[in-house]
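Structure first, then comments.
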Amino acid sequence: MDNARIDKIIEKHHGEASSLIQVLLDIQSEHHWLPKAALKRVSEKLRVPLTQIQHIATFYKAFSLVPKGRHEVHVCVGTACHVRGASRILDTLQELTGIKPGETDLELKFSLETVNCLGCCALGPVLEIDGKTHGKMTTAETADVLKNYQ
Amino acid sequence: MSEIIFEIDGKEVKAKAGMTILEAARSVGIKIPTLCHHEALEPFGSCRLCTVEVDVRSWTSLVASCVYPVAQNIVVRTRSAKVDRIRKMILELYLAHAPDSFELQDMAQEYGADKNRFEKEASFCIHCGLCVRYCNEVKQKNAVGFVDRGSRKEICFIPEIAAQECWDCKECFPLCPTEALQAAFVLSQALYTPQK
């Protein structure tokens with residue numbers, strides 16, 4: 001991510017230190033992770049110490065300090081999804097992508113993450129890819145859905 | 001309304017508006033134990049050792065005296081059985097993290113805290129924030145900060161800044177009540193200095 005793009009995001013938020021989290025969220029959603037160089041640029045521009053940015057970036061789970069894949073796969077393992085067989089879905093995903101929850105594959109295609117509830121328990125087991133919800137998943141459907149993402 | 005009269009441990013105390021209970025108590029020589037308090041820094045209220053009992057209109061509550069502002073006619077108790085029990089518990093929890101800290105051991109003796117009560121979990125940091133706040137407020141270098149949260153929260157130096165600023169400063173080292181800071185510094189230095 002180049003500095004010009006970061007400067008533009010900061011400009012959008014009028015360069016105010018109070019919009020630090022919004023700036024970080026914008027960088028995160030565009031770039032999928034927060035590189036150190038980007039944090040340094042934000043620190044200089046907003047005049048917020050790097051320690052404070054680091055504290056915030058490590059505090060919220062929405063931010064990632066390591067590269068993430070192009071597609072973020074979230075599997076719900078909450079109570080409702082669990083009893084409806086979320087562990088089977090998770091196993092299938094691990095087998096298909098070759099990664100464990102919290103990891104990213106080498107081609108930066110998928111990042112796998114478990115979540116505790118997506119708020120639509122009636123659709124369980126639920127799978128969310130790039131913000132799109134796939135409900136009532138079966139192992140076969142999981143494989144089909146995953147094929148649509150390159 | 002500039003002068004406020006209230007009671008600490010049965011003694012009448014005069015204080016200025018805006019002072020904290022801790023400041024007022026120390027001004028008349030009443031001791032309240034603290035770990036995260038430092039004169040040059042803003043109150044932080046993280047160690048909770050300065051917990052005291054306060055009666056406001058005959059309603060008793062437990063407050064951190066380092067952040068609680070004085071008020072007219074309140075009654076403060078700094079050494080009630082309840083307060084002592086709370087401090088003992090806090091110390092025991094801290095000692096699980098930093099069992100060899102001299103400062104903690106001295107206090108433990110006074111409050112009868114048993115350092116073996118809880119299973120050891122030696123992270124050596126008790127999150128008093130002295131180093132972080134000192135570097136930010138006094139030195140304004142921001143070489144050290146907190147990372148992560150909850151049980152995984154820890155202090156962390158920023159190697160680029162630490163390499164330039166810390167070697168000739170090290171003013172935060174004597175502040176640390178558990179010497180965790182030195183450990184973190186040495187660690188980050190090791191990470192930053194390439195192996196020869």
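Order of the sequence lines fixes the chain letters, A, B, ..., with proteins taken first and strands second; residue numbering starts at 1 for each chain.
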*Val144(B) versus chain A, heavy atoms under 4.5 Å apart: side chain, backbone, both or neither?*
backbone

*asked:* Taking the six-membered ring of Phe146(B) as reference, does the cationic atom of Lys153(B) (NZ for Lys, CZ for Arg) lie under 6.0 Å from its centre and within 45° of its axis?
replied: yes

*Among residues 41-67 of chain B, which ones touch chain A with a heavy-atom distance under 4.5 Å?*
none

*So what's closer than 4.5 Å to chain B heavy atoms on Lys40(A): side chain, backbone, both or neither?*
side chain

_Pair Lys132(A) + Glu128(A): basic N to acidic O under 4.0 Å_ = no

*Salt bridge present between Glu110(B) and Arg79(B) (N-O < 4.0 angstrom)*: yes

_Check ion pair Lys68(A)-Glu103(A) (N to O, under 4.0 angstrom)_ = no

*Considering all heavy atoms of both residues, which atom of Cys36(B) and which atom of Leu130(B) are nearest to each other, and what is their separation?*
O-CD2, 3.6 Å

*asked:* Looking at Arg41(A) and Asp7(A), is any side-chain nitrogen of the basic one under 4.0 Å from a carboxylate oxygen of the acidic one?
replied: yes

_Can you tell me which portion of Gln140(B) sits under 4.5 Å from chain A's heavy atoms? Options are side chain, backbone, both or neither._
neither

_Results of ring-ring contact (aromatic ring centres under 6.0 Å, His included) for Phe185(B) - residues two or more places apart only_ = Phe157(B), Phe173(B)

